[in-house]
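Note sheet for the following structure.
Counting starts at 1 for both ligands and their atoms, in listed order. FYI, side chains are in, hydrogens and waters are out, and symmetry mates aren't considered; it's all heavy atoms of this structure.
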Amino acid sequence: MITEYTTQQSDQKFIKGFSKLSKKQKIELISKYFKNPAYAIEILKRYHHEDADTQKLFDEFSENTLSNFYFPFGVAPNFVINHKNYVIPMVIEESSVVAAASSSAKFWSDRGGFRSMVLSTTKIGQVHFSWKGHREKLEKVMPRLKEELIAGSDHITINMNRRGGGIREIELVDMTSYMENYYQLKVNFETVDSMGANFINSCLEEFASILKTFIANHELFNDDEKDISIIMAILSNYTPDCLVRAEVECDITEFDGIDAAMDGHEFAWKFDRAVRIAQIDPHRATTHNKGIFNGIDSVALATGNDFRAIEASGHTYASRNGKYSSLTEVSINGNTFNYSLEVPLAVGTIGGLTSLHPLAKLSLELLGNPDAKELMTIMASVGLANNFGALKSLVTKGIQHGHMKMHLLNILNHFGATEEEKKEAVHYFADKKVSFARVAEYVANKRK
Ligand code: MEV
């Protein structure tokens with residue numbers, strides 16, 4: 001029986017058994033939370049896919065699904081990365097991100113393009129446990145324990161081993177100086193072309209159970225020491241050893257003409273300052289890195305990768321020296337301007353959503369079906385391109401100039417402008433500053 005109920009502690013309404021309802025029942029129940037339930041139902045249904053199988057696929061990605069939430073799927077052409085030409089699929093709702101990536105791509109494709117290299121591909125997982133005993137004893141049994149962990153997780157690792165991946169290293173970490181009786185098994189994995197979260201977590205849970213049995217049965221430990229408490233077993237999304245670098249380089253005079261108000265040297269100087277400010281000041285660094293993730297996340301979304309994991313890792317990496325800082329760097333040697341991004345990217349091109357979401361599959365095809373390493377080089381280059389686009393605007397005309405031009409259509413849509421009105425407005429604002437108030441005034445005047 002499905003019920004809505006309140007508790008003694010609160011007069012909030014709770015729903016019991018919601019997940020057991022059919023999709024139709026869920027929509028009907030939730031529609032009552034809106035001022036106009038009929039309208040809410042209409043909107044939720046409007047975004048259902050007309051093909052029942054496709055809709056079922058989407059419903060099964062998550063739970064309690066009522067509808068689909070559309071994001072624009074666009075492309076940034078003209079990316080040259082390691083001498084190869086790419087059209088990059090990007091899924092993002094923010095106007096001007098694709099435009100910035102495209103214009104940076106074009107600029108750098110005329111100057112040799114992006115160079116990008118994968119520096120490492122190791123991922124980490126941890127079994128966190130609590131154990132009272134002498135550390136030396138644990139250290140003594142580690143070689144045997146490692147053998148048992150490897151052998152006992154064979155059924156999980158067999159396919160990954162065949163693909164060239166698997167468990168690389170198992171280490172005992174003594175954390176007792178941070179918390180009493182706290183230890184870790186820290187495990188290095190290679191997951192080749194899959195992001196590997198499921199593989200890593202399955203291995204770690206198996207390890208946890210093997211560890212518990214091993215300690216309980218080993219003759220070296222007395223009764224007290226046989227008591228081990230597994231706290232948790234989980235991958236770490238911080239992947240500083242799954243790292244990629246992207247860079248571009250040119251002669252400073254190549255920036256002549258990039259802006260009417262300054263020559264190449266002044267541009268390079270201001271650009272360098274802008275990056276250094278992001279290296280010094282965490283407030284600026286956060287926005288600076290956000291712009292990098294505008295590019296990286298939109299490719300992650302388009303290719304069905306886990307953008308939350310990527311972001312989490314990137315921001316931790318940005319703090320690796322004890323203070324949150326820029327992920328990009330500039331070096332100027334004589335007249336040579338070198339600009340680079342180093343970022344951890346744990347991505348996959350097989351498994352998960354990459355092969356289930358029809359548009360993710362299409363995105364990967366558009367990229368030439370890259371392996372995970374190639375996708376890392378692509379994403380890092382797009383991140384660098386977006387950072388270049390943002391800084392280029394910031395140190396010249398300011399960000400709002402281009403941003404608001406792109407945002408004009410959103411504002412016009414807000415006022416329900418017709419296609420004709422939009423065309424006229426775009427023409428009218430071509431040489432004027434766009435602001436919400438100005439567009440509102442313009443629309444009101446036009447409609448008088
Ligand atoms: C906006 O989404 C991103 C920027 O703020 C990035 C930056 O300031 O570097 C433009």
Using a strict 4.0 Å cut-off to heavy atoms of [X], name the atoms of ligand 1 that fall inside it.
X: A390; answer: 6 (C), 7 (C), 9 (O), 10 (C)
X: K290; answer: 1 (C), 2 (O)
X: L394; answer: 7 (C), 8 (O), 9 (O)
X: H288; answer: 9 (O)
X: E94; answer: 1 (C), 2 (O)

Counting non-hydrogen protein atoms only, what is the nearest one to atom 8 (O) of ligand 1? Give residue, atom name and distance.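 Looking only at protein heavy atoms, the one closest to atom 8 (O) of ligand 1 is R284 NH1, 2.9 Å.
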Among all protein heavy atoms, pick out the one at the shortest distance from atom 3 (C) of ligand 1; state its residue, atom name and that distance to 0.1 Å.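 It is N294 ND2, 3.5 Å.
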Which pairs of donor and acceptor atoms, one on a side chain in residues 428-440, lie under 3.5 Å apart (sequence neighbours left out)?
| residue | atom | partner | partner atom | Å |
| --- | --- | --- | --- | --- |
| K432 | NZ | Y428 | O | 3.0 |
| S435 | OG | R438 | N | 3.1 |
| R438 | NH1 | K433 | O | 3.3 |

So, using side-chain hydrogen bond (donor to acceptor under 3.5 Å, both in side chains) as the criterion, who are the partners of S236 when residues are at least two apart?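 Result, side-chain hydrogen bond (donor to acceptor under 3.5 Å, both in side chains) vs S236: none returned.
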Taking the minimum heavy-atom distance to atom 5 (O) of ligand 1, which of I399, T287, N289 ranks first?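 The residue whose heavy atom sits nearest atom 5 (O) of ligand 1 is T287.
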Answer yes when K24 and E28 have at least one side-chain N-carboxylate O distance shorter than 4.0 Å, and no when they do not.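 Result for this pair is yes, salt bridge flagged.
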Under a 4.0 Å N-O cut-off, is there an ion pair linking K422 with E420?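 E420 and K422: not salt-bridged.
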Any heavy-atom pair between the side chains of I167 and N188 that's under 4.5 Å?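 Contact flag for N188/I167 side chains = no.
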So which of F271, W269, F337 actually passes ring-ring contact (aromatic ring centres under 6.0 Å, His included) with F255?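 Option passing the ring-ring contact (aromatic ring centres under 6.0 Å, His included) with F255: F337.
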